[in-house]
Asker: 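Here it is, the structure in full.
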Amino acid sequence: MIDQTKLPTELLYVKYTDYNDVAYAIKNLIVRGAPAIGVSGAFGLALAALQSNATTKEQLLADLEKARKILHDTRPTAVNLSWGLEQIMNVANKGNTVQEIKDLIVTTAKQMAEDDIKINMTMGKNGSELFSNNDTIMTHCNAGSLATVAYGTALGVIRATKESGKNIKVIATETRPVQQGSRLTAFELKHDGFDVSLIPDTAVGYSMANKLVNKVVVGADRVLRTGHVYNKIGTYQVALMAKQHGIPFYVAAPLSTFDMKSTPDDVIIEQRKGTEVTQIGDRKTAPDGIHVINPAFDMTPPELISGIITEAGVAKPPFDETIPKLFEAKK
Ligand code: MRU
């Protein structure tokens, strides 16, 4: 995988053979983005299977369960991580012999990676129909190739819109504190030849009020059946300002990002270390000993969302009716 903490100054690929290192990579944002950590979790379990010296199915399942917990406990908000781990555990339970289980797990993890790209391309196509020639599209955080196996969710929609022949511009928010917008989205889109402008998060209102942007698309870490969307901190503010200015606000997320069981009370918002806020890179930007509140995600309520783009189609409000239909259509 690419070590995303080094971008945009260094494009460094890292290789892991121990699932504990994959867990470390997820926790420390070496790999981040909901679909990317879902598939990384699956590959982490594949490594755990290969690392195991078990001679019976029971021993192997116990080794896998230990690894599943370590991988799972790295980040609590993106549901794709538990989804990816669950897919592998289900497959493991179906195998009969140790070798058969190991083979099944490795094949499934590879298949999940391939499926992620196909899903993103289908989602991109579905979403591209919501965008027009000469649109300027704002996005927050990074929901691109770097946040998935390839192509991206929100950036996949932007890619597919451009590939359909429409002329578009993109505005990327910086996304403090970890700057996924400036370090990753701006890097990724510039690298791929998009007309992209970077703004500080504080310029979202200005950009909307001055008609510099006419649509928004973001990714998601978890979508509830009611249409409550959990995404990078600051998404809620962008959605509220879009509503104020009559700008359509779209979310792009694969069905693996949907959590059809939880209610907003159940969702844990990850709180990250204060140094992400008191420093920019290694440079101190706040007084020593200051108390910091650093939530990594926020919740955007359904009434601020114009549509949720998936590989099974676009859900429009009322979401509590249209989201369950996406899953029925998939059956
Ligand atoms: O903390 P991060 O960088 O993992 O947060 C990522 C986001 O919030 C993305 O918008 C989300 O995972 C969607 S990625 C396709």
Side-chain angles (χ1 to χ4, degrees), residues 1-7 23 25-41 74-84 113 116-117 119-124 127 137-160 172-189 201 216-223 229-239 249-259 267-273 276-277 294-300 305 308-311:
M1 56 177 74
I2 292 171
D3 180 346
Q4 300 191 36
T5 63
K6 299 277 191 289
L7 288 170
I26 296 173
K27 181 142 194 84
N28 293 286
L29 309 184
I30 288 169
V31 59
R32 37 62 55 202
I37 64 174
V39 174
S40 297
T74 50
R75 299 197 75 190
T77 309
V79 78
N80 303 63
L81 179 56
S82 24
W83 171 86
D116 181 72
I117 304 172
I119 287 168
N120 292 338
M121 295 185 100
T122 309
M123 191 172 7
I137 308 167
M138 180 178 282
T139 190
H140 184 63
C141 192
N142 173 266
S145 287
L146 289 163
T148 59
V149 178
Y151 205 69
T153 59
L155 296 194
V157 170
I158 289 174
R159 282 199 167 86
T173 57
E174 184 188 13
T175 320
R176 274 288 285 154
V178 186
Q179 296 171 290
Q180 290 93 333
S182 56
R183 292 188 305 104
L184 309 176
T185 297
F187 169 82
E188 188 178 322
L189 291 181
D201 300 315
V216 180
V217 65
V218 297
D221 290 84
R222 191 183 290 238
V223 182
V229 167
Y230 293 81
N231 190 46
K232 179 51 55 196
I233 192 74
T235 303
Y236 175 43
Q237 294 169 185
V238 176
F249 179 92
Y250 296 108
V251 175
L255 296 183
S256 55
T257 301
F258 285 69
D259 171 359
V267 180
I268 299 170
I269 300 284
E270 177 184 5
Q271 305 290 325
R272 294 190 63 87
K273 59 185 181 200
E276 289 182 352
V277 183
N294 185 21
F297 302 98
D298 60 24
M299 187 268 281
T300 300
I305 301 168
I308 305 179
I309 304 158
T310 76
E311 71 272 32

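For ligands, and for the atoms within them, numbers begin at 1 and follow the listed sequence. Only a predicted model underlies this, so the values are computations on that prediction, with no experimental measurement involved. All heavy atoms count here, side chains included; hydrogens, waters and symmetry mates do not.
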Asker: For Asn80, what residues pass the side-chain hydrogen bond (donor to acceptor under 3.5 Å, both in side chains) criterion, not counting sequence neighbours?
Answerer: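 Partners of Asn80 by the side-chain hydrogen bond (donor to acceptor under 3.5 Å, both in side chains) criterion, ordered by chain and then number, come out as Ser256, Thr257.
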Asker: If I compare all heavy atoms of Thr74 with all of Leu81, which pair ends up nearest, and what's the gap?
Answerer: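 Closest approach of Thr74 to Leu81, heavy atoms only: OG1-CD2, 3.4 Å.
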Asker: When Gln180 is tested against each of Asn142, Leu146, Leu7 for side-chain contact (heavy atoms from CB on, under 4.5 Å), which residue passes?
Answerer: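 It is Asn142; the other options fail the test.
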Asker: Could you list each N/O atom of ligand 1 together with any protein N/O atom closer than 3.5 Å, one pair per line with the distance?
Answerer:
{"unit_1": "ligand 1", "atom_1": "1 (O)", "unit_2": "Arg75", "atom_2": "NH1", "d": "3.4"}
{"unit_1": "ligand 1", "atom_1": "1 (O)", "unit_2": "Arg75", "atom_2": "NH2", "d": "2.8"}
{"unit_1": "ligand 1", "atom_1": "1 (O)", "unit_2": "Lys232", "atom_2": "NZ", "d": "2.7"}
{"unit_1": "ligand 1", "atom_1": "3 (O)", "unit_2": "Arg32", "atom_2": "NE", "d": "2.8"}
{"unit_1": "ligand 1", "atom_1": "3 (O)", "unit_2": "Arg32", "atom_2": "NH2", "d": "3.2"}
{"unit_1": "ligand 1", "atom_1": "3 (O)", "unit_2": "Gln180", "atom_2": "NE2", "d": "2.8"}
{"unit_1": "ligand 1", "atom_1": "4 (O)", "unit_2": "Gly33", "atom_2": "N", "d": "3.0"}
{"unit_1": "ligand 1", "atom_1": "4 (O)", "unit_2": "Arg75", "atom_2": "NH1", "d": "2.7"}
{"unit_1": "ligand 1", "atom_1": "8 (O)", "unit_2": "Asp221", "atom_2": "OD1", "d": "2.8"}
{"unit_1": "ligand 1", "atom_1": "8 (O)", "unit_2": "Asn231", "atom_2": "OD1", "d": "3.1"}
{"unit_1": "ligand 1", "atom_1": "8 (O)", "unit_2": "Lys232", "atom_2": "N", "d": "3.2"}
{"unit_1": "ligand 1", "atom_1": "10 (O)", "unit_2": "Asn231", "atom_2": "OD1", "d": "2.6"}
{"unit_1": "ligand 1", "atom_1": "12 (O)", "unit_2": "Ala34", "atom_2": "N", "d": "2.8"}
{"unit_1": "ligand 1", "atom_1": "12 (O)", "unit_2": "Asp221", "atom_2": "OD1", "d": "3.3"}
{"unit_1": "ligand 1", "atom_1": "12 (O)", "unit_2": "Asp221", "atom_2": "OD2", "d": "2.9"}

Asker: Should Arg176 and Asp201 count as an ion pair when the cut-off is N to O under 4.0 Å?
Answerer: no
Asker: Please list, chain by chain and in numerical order, all residues satisfying side-chain hydrogen bond (donor to acceptor under 3.5 Å, both in side chains) with Arg75, sequence neighbours excluded.
Answerer: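 Testing Arg75 for side-chain hydrogen bond (donor to acceptor under 3.5 Å, both in side chains), a comparison that skips the adjacent residues, returns Glu270.
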Asker: What residues form a side-chain hydrogen bond (donor to acceptor under 3.5 Å, both in side chains) with Asn294, not counting sequence neighbours?
Answerer: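 With sequence neighbours excluded, Asn294 shows a side-chain hydrogen bond (donor to acceptor under 3.5 Å, both in side chains) to Glu276, given in chain and number order.
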